[in-house]
Amino acid sequence: REFIMKKIFIAMLAVTVSAVSCLNLDEIAYSKMTADKYYENFSESDIPAALGTIYSDLRKLYAGGSPHTSGCWHYTNEEVSDIWITPKRGGSWYDNGIYYKLNQHTWEWDDNHMLNNWRQSYASINTCNRLMYEFRTAEVQDTVSLMAELKVARAFWYYNLCDMYGNVPIQTRYDVPEGYLPESSTRQEVFDFVISELEDNMSALQKKAYGRWDQWATKMLLAKCYLNAESWGVEVPEGVNAWDKVIALCEDIMTNGGYSLEADYKTSFITENENSKEIIMGVINDEVYDENMPWRLHLCTMHWKYYCHGNTVTQYWGGCCSTPEFAMSYDPDDLRYEKSWFEGQLYDYTGAETGVPGTPLVCDPWDSRDAGKLLIHTKEIPLFEGDEIPTTGEGPGVRMQKYEIKTGALNRLSNDFVLFRLADVYFMKAEAIYWKNGGSANQDVCNLINDVRRRAFANFTADKEVTVSQLDDDRFLL
């Protein structure tokens, strides 16, 4: 120990003497690449590394330390839908009513979920603007495809802003003067900007590149813009029929994109899902390296005792679950239900909780009214009586397991997040035909839905097929 301490002392002394005796304070960077050097001899092979930030930014859509409270695109949009709910459970999962307000559509402008989706979008837009500025300033050669990819990445965030907020500032410059404040643009102007950026830059992108904005992912994003145009209250370019445009783009992806529907619905959501033939745009995750932006969907939904049921390393928080109405909407023979939602009794398969493997688990309980109850997840979410704030127990609500939670799972998922997939293209085309037909289904609509629905049943008999008479709304949740 004395020898080691002596070496440390000598080393420190040497540094001190050097610092005192050296009068030249010009910095020499040995371990960092300075900006003026980074872009020297820049080539096409350097593009993926240079664009890494715009793709890690996509994890802001669903990941983070506490995205359920801080706000992210995925959690916010699921919570305001009719699919997902986060009820108050005893003294937990209330968080000043943010989930209740989202579910009831009574949020306020300064709630975390409203503010942070805005901030995350503009931080990502700023990244795109910064990189374009740096490439231009450094006079990087042959940047057509590089700039195209950055503009499409930026357009995606404006698409989200257009969808969630409507009228927002369009900012395309990084080098702005001090004190600069952008002016707001109308939703129409934002829509026109996104359409123009996608159409003008699509051909310069790579044809197909997993996890990047390639031509097929961009076509799907463009189709989503046209599909939403009417609900956003915006006009499409003169001479363009929005529904025809969606149909044509979807047909192109289905026919020429080289994608195919997986025989098993779950294949696109397993831990190692990057080779799925169905994924058009996946956001890459890694349980080891994504420490700063971890994906913790499984923690948000599974009960904290699930670790000994699923034999995982991580423990859980136990909040969000399916709404009863959505859970009950599945056909009893639909295989997707058990592949997407966990229902039933939890067991201590490892023996970590009870000391006896296979023992049925009971509630902790956090609320005394759960005392002695078996820990069972149910479709129904009964509320306790007498609470001013609607409150339920630990067990109610089936929990999301759409993305595989593997044996030995850590507190971060490695499953790639499926942003765009082919099944959605089928449904988008079906919806466009539906609206082009005046809000009425026809056999073409049914065929598209049944093509996807077929794999959901072990025996896809005639009674499992969707018929024209059944499609009396525009949700296409069948």
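If you read the sequence from its start, that first residue is 1, and numbering goes on from there.
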Could you check, using the six-membered ring where one of them is a Trp, whether Tyr62 and Trp73 have ring centers closer than 6.0 angstrom? no
Hydrogens and angles aside, do Tyr337 and Glu343 bring a side-chain donor and acceptor to less than 3.5 Å of each other? yes
Does a side-chain N-to-carboxylate-O contact under 4.0 Å join Arg212 and Asp214? no
Using only heavy-atom distances, determine whether the side chains of Thr76 and Asn117 contain a donor-acceptor pair under 3.5 Å. yes
Ring centroid separation for Tyr307 and Tyr316, is it under 6.0 angstrom? no
Salt bridge (Lys or Arg N to Asp or Glu O under 4.0 Å) evaluation trace for Asp370 with Lys373: CA-CA 6 Å; Asp370 271 336; Lys373 291 182 181 179; 3.7 Å; yes
Tell me yes or no: between the side chains of Thr461 and Asp463, is some donor less than 3.5 Å from an acceptor? yes
Please confirm whether the ring centroid of His298 lies under 6.0 Å from the ring centroid of Tyr306. no
Just do the side chain to side chain contact (heavy atoms under 4.5 Å, CB included) check on Trp216 and Lys207 with the steps written out, would you? CA-CA 7 Å; Trp216 299 113; Lys207 189 72 173 179; 3.7 Å; yes
Aromatic centroids of Phe326 and Trp84 separated by under 6.0 Å: no
Which residue pairs pass the salt bridge (Lys or Arg N to Asp or Glu O under 4.0 Å) test when at least one of the two sits in residues 357-366, sequence neighbours left out? Lys305-Asp364
Side chains of Trp157 and Tyr122 only: does a donor on one sit below 3.5 Å from an acceptor on the other? no
Would you list the atom pairs, donor with acceptor, under 3.5 Å between side chains in residues 102-110 and any protein atom, with sequence neighbours excluded?
| from | atom 1 | to | atom 2 | distance (Å) |
| --- | --- | --- | --- | --- |
| His105 | NE2 | Val80 | O | 2.7 |

So which heavy atom on Arg454 is nearest to which on Asp451, and how close? NH2-OD1, 3.8 Å
Taking atom types as modelled and ignoring hydrogens, do the side chains of Asp57 and Thr127 form a donor-acceptor contact shorter than 3.5 angstrom? yes
Which class fits the ring pair His303 and His377: parallel under 30°, tilted 30 to 60°, perpendicular over 60°? tilted
Which heavy atom of Ser268 sits nearest a heavy atom of Ile279, and at what distance? O-CD1, 3.8 Å
Between atom OG of Ser276 and atom CG of Leu422, what is the distance when rounded to the nearest 0.5 Å? 9.5 Å
For residues Tyr259 and Phe420, determine if any side-chain heavy atom of one lies less than 4.5 Å from a side-chain heavy atom of the other. no
